[in-house]
Amino acid sequence: MTVFPTAIGDCGIVWNDTGVCGVQLPEVSPAVTRERLRRYWPDASEAEPTPAASRAIEGITALLDGTPDAMHDVVIDLGAVSEFRRGVYEVARTIGPGDTITYGEIASRLGQPHAGREVGQALGANPVPLIVPCHRVLAAGGKLGGFSARGGVTTKSRLLAIEGASLF
């Protein structure tokens, strides 16, 4: 794992032999970001990023600097999540920078049009935010909905503004 600077604060990342398995958006300090990573990945230790983790850091940094990077080529490890959540994350990864869709649209794309609430829960538990761009998913009617990172919907709104997203 490592913590790295971005335009919005210090983010953290955790990886394994398969790919990136965790991203932490900035907390109040780098130490708290590191602590949060250790809470979810207690076996992770500080290390030099692998090429896959370095690519993710590069993409996250660029995105938060305002340079669109969809990070489709970043290899992630979703082995610890359910099949439904993997499906949600796969659909979310198709949303380009500056674009948005709704929880209900993801549910429909998964063939489960009444599962919008479950889609929201899956995105709230997203282990790799920004790589899986949960901030690009809105509630019905274009409302921001929730966001589980520090700062809540204010952070979500800030990320969308950085990307130049136009909300309905």
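Between Arg34 and Glu46, at least one side-chain nitrogen of the basic residue sits less than 4.0 Å from a carboxylate oxygen of the acidic one, meeting the salt-bridge criterion. Salt-bridge formation is detected for the pair Glu163/Arg136: a Lys NZ or Arg NE/NH1/NH2 atom is positioned less than 4.0 Å from an Asp or Glu carboxylate oxygen. The pair Arg55-Glu58 meets the salt-bridge criterion, with a side-chain N (NZ, NE, NH1 or NH2) lying under 4.0 Å from an Asp/Glu carboxylate O. No salt bridge links Asp43 with Arg38; every basic N to acidic carboxylate O contact stays at or beyond 4.0 Å.
Proximity of Thr2 to Glu48: side-chain heavy atoms (C-beta onward) are nowhere separated by under 4.5 Å. In this structure, the side chains of Ile57 and Pro49 come closer than 4.5 Å at one or more pairs of heavy atoms. Counting only heavy atoms from C-beta outward, the side chains of Thr61 and Leu64 never approach each other to under 4.5 Å. Looking only at side-chain heavy atoms (C-beta outward), Leu144 and Ser157 come within less than 4.5 Å of each other. Between Tyr89 and Ile76, every side-chain heavy-atom pair lies at or beyond the 4.5 Å cut-off. By the 4.5 Å heavy-atom criterion applied to side chains, Tyr103 and Arg117 are not counted as neighbours. At a threshold of 4.5 Å between non-hydrogen side-chain atoms, the residues Ile8 and Ile162 count as touching. In this structure, the side chains of Pro127 and Leu78 come closer than 4.5 Å at one or more pairs of heavy atoms.
In terms of hydrophobic clustering, with Ile, Leu, Val, Met, Phe, Trp and Tyr side chains grouped at heavy-atom distances under 4.5 Å, Val75 and Val91 are assigned to different clusters. Hydrophobic clustering of Ile, Leu, Val, Met, Phe, Trp and Tyr side chains at less than 4.5 Å, counting indirect connections, keeps Val81 apart from Tyr40. Phe4 is not connected to Val32 by any chain of hydrophobic side-chain contacts under 4.5 Å among Ile, Leu, Val, Met, Phe, Trp and Tyr, and they are in different clusters. In this structure, Val14 is not a member of the same hydrophobic cluster as Val74, with clusters built from ILVMFWY side-chain heavy atoms closer than 4.5 Å.
Within a 6.0 Å sphere centred on NE2 of His72, heavy atoms belonging to other residues, nucleotides or ligands number more than 12. Applying the 6.0 Å contact sphere to CG of Asp17 captures no more than 12 heavy atoms from other residues, nucleotides or ligands.
Atoms OG1 and CD1, on Thr33 and Ile13 in that order, are 13.0 Å from each other to the nearest 0.5 Å. Atom CG of Asp73 and atom CE of Met71 lie 9.5 Å apart (nearest 0.5 Å). Interatomic distance, CD of Glu118 versus CG of Leu123, reported as 12.0 Å (0.5 Å rounding). Remark: Thr100 OG1 to Leu138 CG distance equals 4.5 Å, nearest 0.5 Å. Considering CD of Gln24 and CG of Asp10, their distance stands at 11.5 Å, rounded to 0.5 Å. Considering CD of Glu105 and CG of Leu110, their distance stands at 12.0 Å, rounded to 0.5 Å.
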Does the side chain to side chain contact (heavy atoms under 4.5 Å, CB included) test come out yes or no for Trp41 and Met1, once each step is laid out?
-> CA-CA 9 Å; Trp41 292 278; Met1 81 172 191; over 6 Å; no

Under the side chain to side chain contact (heavy atoms under 4.5 Å, CB included) criterion, do Leu63 and Leu130 qualify, and how do the steps go?
-> CA-CA 8 Å; Leu63 186 70; Leu130 300 176; 4.2 Å; yes

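Side chain of Arg36 to main chain of Leu25: no donor-acceptor pair is present (N/O by atom type, distance under 3.5 Å, no hydrogens or angles). Using modelled atom types, one side-chain atom of Asn126 and one backbone atom of Val132 make a donor-acceptor pair closer than 3.5 Å.
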